[in-house]
Chemist: 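For reference, the structure I am asking about is given below.
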Amino acid sequence: MSQSVPAPTPGSLSSRSTRGFARRALLGTAVTASAIVTTHGVPEASAQTAPVVIKALPIDRANVLAGSRFDFRVEVAGAQPDRIEITVNGQDADTFFKGANAVRTNEIAGKSGEVTYRNVTVANPGPVSVQVIATVAGRSYVDTFTWTVLRMGAGQARNVILFISDGMGFPTVTATRIVSRGITEGKYDGFLNMDRMEYRGTVTTSGYDALVTDSANSASAYATGHKSVVNGMGIYEDNTKDPTDDPRVENIIELAKRTRRMATGLVSTADITDATPAAFAAHTRRRSEQAFVASTYLEDGHRPDVLMGGGSRWFLPKAQQGASSDDRDLVAEFRAAGYAVAATRTELRATPASATKLLGLFHTGNMSVWYDREETKNPNVLGKFTDQPNLPEMTGRAIDALATNPNGFFLMVEAGSVDKQLHPMDWVRAVYDNIEFDNAIGVARRFQEKNPDTLIIVTADHSHAMSITGTYTPYEGKLGPDAVGTYAESVFPTFTRKRGDGFPDSPVTKTTLAVGWANHPEHFDDGTTVWAEPLGPSIEDPQVKGTYIGDPKRAPSGKGVLMPRTVPASVNSEVHTADDVPVMASGPGSEFFNGLVDNTDLFWGIVASLGIDPLSPNGRSPMGKITGGRFGDPANPASRPHFAKP
Ligand SMILES: [Zn+2]
């Protein structure tokens, strides 16, 4: 894709926007020229031929919300530059970002130079061209980067509830519909709540560093409108080790609080500091910094009004078996800040109806999954956590608390363990948690019926390698692959549903789904789909530390087929895939979530639906309504690049 705005050409330097092969050839041959055009986005091998590589953060082709806060950083790698000159739209960067302090550093001795501006904003919508000239030993290197600054039109939504089922690809939705609603003669006997939304689109999932995303950079794209890197959230990766100093971009919770004083909430069945919820409020290069995330949740500007999920250990000091930052008792600190605190379902139900600030931490780690928590109540699995609320309950309580804010609310609800059960290839536990997720959407839909100014969005952050091959009917001693019914033999599953709560009466039935996996570690398969306890597919090889082999326990019949691994031996579970994922939406602004959208576009859809405008004193866009599923300033076609780009 070529840059639409040519960079200004200072002095005698030649600035070229060549890309791809032409530019790479240039890099290999231009050493005699007085000016060399270096490049971003060049593959590593080609970059080796470039003595100096210039990086700008935010990256080329980033979209920036007018008036949103972000850190701007330029990194020059390969040599220590004598000078780094930065112009933005032809102005010196110090002038353009007036009031911001440029901090100049040399992080890698003799081999780098950086310039960082913290907390800057851009007001005018349209293209922004950043040109960087690095001078090394009398030779100049130049590169240009283009961002698009967008200003939103008036929004129609007062509240936004974003549902994320972690790892829910299209096959997981299909399996959930089959198991939960049933299918007869090729027609479904009912549809899921998420199926009955007005709009349905497809979301791309890659981060800027790699094809396959993890939950951190994916949620970061939804929360900030900027792509990030694996394990990163709310940041662009810099060249320093510190995971908390990377250039930040403002997230939706910060924007909703700062510009509109909206109520905000995060609910998850995983640790509430896990990647997906954390990306909506915190900034770190390393998602494992969960104690840091927990302490961020208490800070002004980042503090959600409602936090519910697992992961109490990140909030508690050592004396209470916790691992909090600086050994603080964050639970006590939240209580002192006016939060009602609950550690069990019973305590959650006992919180006063008037409580608008809630901290619910129902497990030291991830909450147990529905199948163990609500169906078998297996004491070996639950341990002392026998009184955990479910996702529909938490969602309902969160909405009750947040809806009291006259400025509206933003709530993110995550089914965290759909992913955590797809990794060990336990599709039954994953689907049960996805039914729980769909029931939570039902709670939000009932709120929306009475509050039609509520936008509900349902999506996933990435997919898994699960696929429905057909159905599985063990008979005449046949097990495993031999009992899989393909094509005409894939007779319809026989789950029964007398309870009427969306769940089948039992996951064990004569004909169940035959689920295959496009990637997996070595494992045994005898067709077992329900294990008494969550069980990984592989165990560490006693001969070779750090590598994994099939666990015979996976095939209790002792007749399992050994499936050879399709990923490196160091990988002990099935892994995420690059597949697109679904997005469904209902309510004002739902038309933005349609067709093929980039994962960063979900942020823009949320901001456009709410009409968030940091430039207005009340945070509301003074401009007209945006129609036609496009974002940005209707008076400025340059600010509407989405979908229109080839
Ligand atoms: Zn995962």
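Sequential numbering from 1 along the given sequence is applied to the chain's residues. Order of listing sets the numbers, starting from 1, for every ligand and every atom in it.
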Chemist: I'd like to know whether CG of Asn380 has more than 12 heavy-atom contacts from other residues, nucleotides or ligands below 6.0 angstrom.
Modeler: yes
Chemist: Would you say His423 has an N, O or S atom lying under 2.8 Å from the Zn ion (ligand 1)?
Modeler: yes
Chemist: Could you list the donor-acceptor pairs under 3.5 angstrom formed between side-chain atoms of residues 167-179 and any protein atom two or more places apart in sequence or on another chain?
Modeler:
residue : atom : partner : partner atom : Å
Thr174  : OG1  : Phe170  : O            : 3.1
Thr176  : OG1  : Thr172  : O            : 2.6
Thr176  : OG1  : Asn434  : ND2          : 3.0
Arg177  : NE   : Asp195  : OD2          : 2.7
Arg177  : NH2  : Asp195  : OD1          : 3.1

Chemist: If you measure from the Lys or Arg side-chain nitrogens to the Asp or Glu carboxylate oxygens, is any gap between Lys420 and Asp166 under 4.0 Å?
Modeler: no
Chemist: Give the ring-plane orientation class for Tyr371 versus Tyr432, where under 30° counts as parallel, over 60° as perpendicular and anything between as tilted.
Modeler: perpendicular
Chemist: So, of the N/O/S atoms that Asp419 has, which is the nearest one to the Zn ion (ligand 1)?
Modeler: OD1
Chemist: Got a sec: is His576 within less than 2.8 Å of the Zn ion (ligand 1) via an N/O/S atom?
Modeler: yes
Chemist: Just checking: Asp166, one of its N/O/S atoms, less than 2.8 Å away from the Zn ion (ligand 1), yes or no?
Modeler: no
